[in-house]
2 protein chains.
Amino acid sequence: MTRDRLPRVRLRDVAERAGVSTTTVSFVLNERPGTGISVDTRDRVLRAAREMGYRPNAAARSLRTQVTNTIGLISDQIVTDNYGGDLVRGALVTALELDHLLIVVESQDDPEVERRLVGDLLSRQVDGIILATITSDRIGLPGIRHGRTVLLNCTSSHALPAILADELAGGRDAANALLRAGHRRGIYLVGEVAEAVRPARERRRGVAAALGEAGVELEGTIECTWWPESAYDAVSTHLASGEVPRALICLNDRVAFGAYQALADAGLHVPEDVSVVSFDDSELARWLRPQLTSVALPYFDMGRIAVESVLGLSEEWAASQQQEQLVAMPLRERGSIAPPRRP
Amino acid sequence: MTRDRLPRVRLRDVAERAGVSTTTVSFVLNERPGTGISVDTRDRVLRAAREMGYRPNAAARSLRTQVTNTIGLISDQIVTDNYGGDLVRGALVTALELDHLLIVVESQDDPEVERRLVGDLLSRQVDGIILATITSDRIGLPGIRHGRTVLLNCTSSHALPAILADELAGGRDAANALLRAGHRRGIYLVGEVAEAVRPARERRRGVAAALGEAGVELEGTIECTWWPESAYDAVSTHLASGEVPRALICLNDRVAFGAYQALADAGLHVPEDVSVVSFDDSELARWLRPQLTSVALPYFDMGRIAVESVLGLSEEWAASQQQEQLVAMPLRERGSIAPPRRP
DNA sequence: ATGAAAGCGCTAACAC
DNA sequence: GTGTTAGCGCTTTCAT
């Protein structure tokens, strides 16, 4: 830390140095079309600005133009989460491309904090607000009153556009990957079964749909939470019962991790003995041995789309008004699926 | 998306409604001391403001006061990284507590982008800038010219305060954990050995120091990158040579993950056959079986301290001027260390 | 105990 | 082609 702010160079200073009016400087610097500024004047202004290290004062400009080139991203706890960071990163990168800055805030799931943060953002006249959650479900809205608001990874009763992963199609893809390899029997689902959790619900529905269409039935469900330890326990218990599955559809990579551990402890090999497919495509998927085939959560894209939407630039904009926009979950095929063993 | 910004309620509107001047409203709303506003007037103003849903315009206020209550966090790619998110989260939370908002930007390691971003932040008159990197090393600075700048997780040739993890002490703690368990022989270091990477360098130095003081020598170093696959290959190769280590000091959790896999493949058990200690304390540490003892990267705290520092509120502020501030790395003891087998 | 008025730095009618 | 000027919404000095 040194001293504080240096004396700022103002537009007027540049004007004086260049020997022109502030209007001229403003026109030149903003590259305003239709103003017949002479090349000579233009150059003088540009040079003066450069030499003096001029930097427009955003507050003054915003006050005048009512535009801040800033968008607010408020989340419950997204930055915390592992791949949740990608949501932010997609938004960050896109905002930058579109010449906007992102104010990121986290409510930590506290409605009181959320109210205050939204207020702060509104005070700052952000050009738009992105409301994101990691839980991917949401009812109440914190009394948002900003014309340009989009929901990211969540929905609400209010008629606001929402960007969501196409978990249903993702579920189908996961099941189809198994079917393509020839699996028909001994397929188990592993993970959280709560109906209230959108990703779990939709993924399961997608799996069931794809399997159903192929005339195949799930052999059963191995219930556990979203975490490795829980999955390890559940799968271990299941294996102890003597039933050996042919394929596991894990509701996320962490669950798959736990499943791998349980399988290994039981002397079972992936994918020779048991095929595994999963969701999220987190870093874990590439770290496991064999590497895990996983249906990727398109968080980066979703962040990108949210920014495009909130700035009203999305191509599908008109169509997506007050609608859910589903983003595809690409299947990343790796080494955890093989044809089933001959019985 | 609905319509755009609603018509804003201005200070003047509140004043009219309350039948007072704008001065009075300003005084009341800012709770300015020493102005003898009558209780009655005060109440009228407060009520008017509430009823009208008044929200101060931050741009106007900043223009006047030269204070934005905003701090800029610019990183190379920190949000991307797994636990890097904690750095941001610590900053976010702390900024909030201190009534500031955080503008987060990422340069993606592009100096050109970085220059522009710093410019944007300066334009916005941020009250301070935090410059963070994930690589934890840095030479050049992007021509920052803001009085209040701190470096987060990196250093530079410029005389700026820097917040860093105390990797040296962390290294000692890792080694000591092994020594405490009774290990003296067969201790290997696993990981990146490049001298240029601060965390690797300091961790190794710390390990060497602690070991040296106990009269113990490292049995050898198993070189690999920071990733599981590389670690798996390196450790597997080493094991194939016939030498069985008693303890592994892995330079981070991902390396430990790879080591676990290699050990398991060789039929070796952690911690009975081989003890393992690691660095970072990422989520992985709790997911592995047995859970991994790891020296935690105090990213959350570092983010917090950076904000406190940049706002000049840190207690150690005066002392830390232009200095490196080292943040302790707590050892998280779990189940991967046991006394060495009898020979 | 309260109000009038100046001005923060910028943009954009409108005038010349 | 370029300059004058009036605000944007707020804080704050100085009057009353």
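Chain naming here is simple, since letters A, B, ... match the order of the sequence lines and numbering starts at 1 in each. Predicted, not measured: the structure shown is a model, and the values here were computed from it.
- Rounded to whole Å, the distance from CZ on A:Arg8 to C1' on C:dG9 is 10 Å.
- The residue among B:Thr23 and A:Asn30 whose nearest nucleotide of DNA chain C is located toward the 5' end is B:Thr23.
- For B:Arg42, the CZ atom sits in a loose shell: 12 or fewer heavy atoms of surrounding residues, nucleotides or ligands are nearer than 6.0 Å.
- Counting 5' to 3', DNA chain D first comes under 4.0 angstrom of a heavy atom of chain B and last does so at the ends given by D:dC8 to D:dT13.
- From one end of the helix from C:dA1-D:dT16 to C:dC16-D:dG1 to the other, with five pairs defining each end axis, the axis direction shifts by 40° (rounded to 10°).
- Phosphate contact (OP1/OP2 of C:dC10, side-chain N/O of A:Ser26, threshold under 4.0 Å): absent.
- B:Thr41 has a side-chain polar atom (N or O) that falls below the 4.0 Å cut-off from OP1 or OP2 of C:dT2.
- Checking the phosphate oxygens (OP1, OP2) of C:dA12, a side-chain nitrogen or oxygen of A:Arg32 falls inside 4.0 Å.
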Discussion item. Using side chain to side chain contact (heavy atoms under 4.5 Å, CB included), reason through B:Glu308 and B:Val150 one step at a time and then give a plain yes or no.
Written reply: CA-CA 10 Å; B:Glu308 288 173 350; B:Val150 307; over 6 Å; no
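- The side chain of B:Thr24 approaches C:dT2 more closely than any other nucleotide in the set C:dC10, C:dA5, C:dT2.
- C:dC10 atom C1' lies 16 Å from atom CD of A:Gln125, rounded to whole Å.
- Applying the side chain to side chain donor-acceptor pair (under 3.5 Å) rule to B:Thr23 yields no partners; only residues at least two apart in sequence or on another chain are considered.
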